[in-house]
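Basis for what follows: all heavy atoms, side chains included, without hydrogens, waters or symmetry-related copies. Throughout, a chain's letter reflects where its sequence line sits, starting with A, and its residues are numbered from 1.
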Amino acid sequence: MGSSKQGGILAYMPELPEVETVRQDLDKHLKGLVVEDVVVKKENLIRGIGNIREILVRGKFVGVRRRAKLLIFDLEKDGKELHFVAHLKMTGRFLIRKRGDAKDEYQHITFTLTNGQELRFCDLRQFGYLQIVTEEELKEILAGYGPEPLDDLKLSDFTSRLTRRIAVKKLLLDQAVFSGIGNIYANEALFLAKIHPERLANTLSSTEAEKLFEAVNEVLSLGLKHRGTTTRDESFRDVFGEPGENADNLKVYEKAGQQCSNKCGGVVKKMMVGGRGTYFCENCQR
DNA sequence: AGCTCACCCTGGACGC
DNA sequence: TGCGTCCAGGGTGAGC
């Protein structure tokens, strides 16, 4: 035994590399297309006020941005700017399909577009959401996020944010402190940096902080380069339904019971930290 | 300040 | 076999 049960749970977490992969594809393929219709089958996936269909119909996609794990859709209608944001949470997916293609599983919201294409929002768990936002609301939402690890985060800023007396893994997952890091990449970064997930963030030495900074950068960059982490058939897919190629680069995530890849003789363990499944080598990570 | 827990929701796992 | 119960998990918010 030794391997902790994964339960066949359909769990995957789109994080920065996955959401950025989706963003790049959406931006490329939606730009210039006009919304002809929006069909909402699950109203609970729509947040905020206003009729999303009335607001978005005749809107033209101008671009898709990303902040943390949030996708920001910019449209233009009657000379005015329109925005909606979307969070994939655990199991959300955007898929670009042709009109008439077979319905996708858990397809809850469908945008009909001008070139015979459809943008579909699918979500098994229905934790994800879409929300129309005003310029002011958007500004407010974006202001709540910490710096982007692959963009504006410098070592000095990273280190200066390790002041709280909480488990370093919890800090990495706090979107107000660092944005875009989720469970998979937090586990992987801590393993690379050889830091125990429960170490209090304010006890890291400057050397450890620098190692962690580099590790975060490395795992996120690698994940993005390989278009996201897909660990099983049901997990992450890009907008065309294709899996990412980053799973082979994982060292600890969902590898409880396996030999540590550092060949230290240790075994990958699973524990809960802040209610999240946490994988680490107790031999390497101190 | 930081912790725990409930909530949102679904479908496997598990118990009887 | 089959039905009921438990539970994960990102983010948010309440209460301690």
TODO: Please indicate yes or no: is the ring centre of A/F127 less than 5.5 Å from the centre of the six-membered base ring of B/dC8, with the two planes inclined by under 30 degrees?
DONE: yes
Task: A/Q126 side chain near B/dC8 phosphate (N/O to OP1/OP2, under 4.0 Å) - done: no
- [ ] Could you go through the side chain to side chain contact (heavy atoms under 4.5 Å, CB included) check for A/F236 and A/E18 one step at a time?
- [x] CA-CA 7 Å; A/F236 170 75; A/E18 290 76 29; 3.6 Å; yes
Open item on the list: Looking at A/Q175, I'd like to know whether one of its side-chain N or O atoms comes within less than 4.0 Å of OP1 or OP2 on C/dG10.
Closed with: no
Open item on the list: Taking atom NZ as the centre, does A/K77 end up with more than 12 heavy-atom neighbours from other residues, nucleotides or ligands that are less than 6.0 angstrom away?
Closed with: yes
TODO: Verify the contact: side-chain N or O of A/N183 to OP1 or OP2 of C/dG9, cut-off strictly under 4.0 Å; return yes or no.
DONE: no
Task: base_contact_polar (C/dG10 base, A/R125 side chain, donor-acceptor, <3.5 Å) - done: no
Task: A/Y106 vs B/dG11: side-chain N/O to OP1/OP2 distance below 4.0 Å - done: yes
TODO: Respond yes when some side-chain nitrogen or oxygen of A/K89 is under 4.0 Å from OP1 or OP2 of B/dC9, and no when none is.
DONE: no
- [ ] Using whole Å, report how far CG of A/L172 lies from P of C/dG11.
- [x] 13 Å
Open item on the list: Can you classify the ring geometry of A/H29 versus A/F240 as parallel (below 30°), tilted (30 to 60°) or perpendicular (above 60°)?
Closed with: perpendicular
- [ ] Rounded off to whole Å, could you give me the CG-to-C1' distance for the A/L88 and C/dG10 pair?
- [x] 11 Å
Open item on the list: Without decimals, in angstroms, what is the distance between A/D123 CG and C/dA8 P?
Closed with: 19 Å
Open item on the list: Can you measure A/K170 atom NZ to B/dA1 atom P for me and round it to whole angstrom units?
Closed with: 15 Å
Task: Interatomic distance, A/I141 CD1 vs C/dT12 P [rounded to whole Å] - done: 10 Å
Open item on the list: Please report the distance, rounded to the nearest Å, between CG in A/L124 and C1' in C/dG10.
Closed with: 15 Å
Open item on the list: Using a heavy-atom cut-off of 4.0 Å across all strands, would you classify A/G277 as base, sugar-phosphate, or nothing?
Closed with: sugar-phosphate
Open item on the list: Just the rounded figure in Å: distance from C1' of B/dC3 to CE of A/M272.
Closed with: 15 Å
Task: Parallel, tilted or perpendicular: ring planes of A/F94 versus A/F121, cut at 30 and 60 degrees - done: tilted
Open item on the list: Just the rounded figure in Å: distance from C1' of C/dA8 to CD of A/E254.
Closed with: 12 Å
Task: Donor-acceptor pair (no angle test) under 3.5 Å: A/R276 side chain, C/dG10 base - done: yes
Task: Row check, A/Y145 ring normal vs A/R67 NZ/CZ: under 6.0 Å, within 45° - done: no
Open item on the list: If the cut-off is 4.0 Å, is A/H87 near the phosphate of C/dG11, judged by side-chain N/O to OP1 or OP2?
Closed with: yes
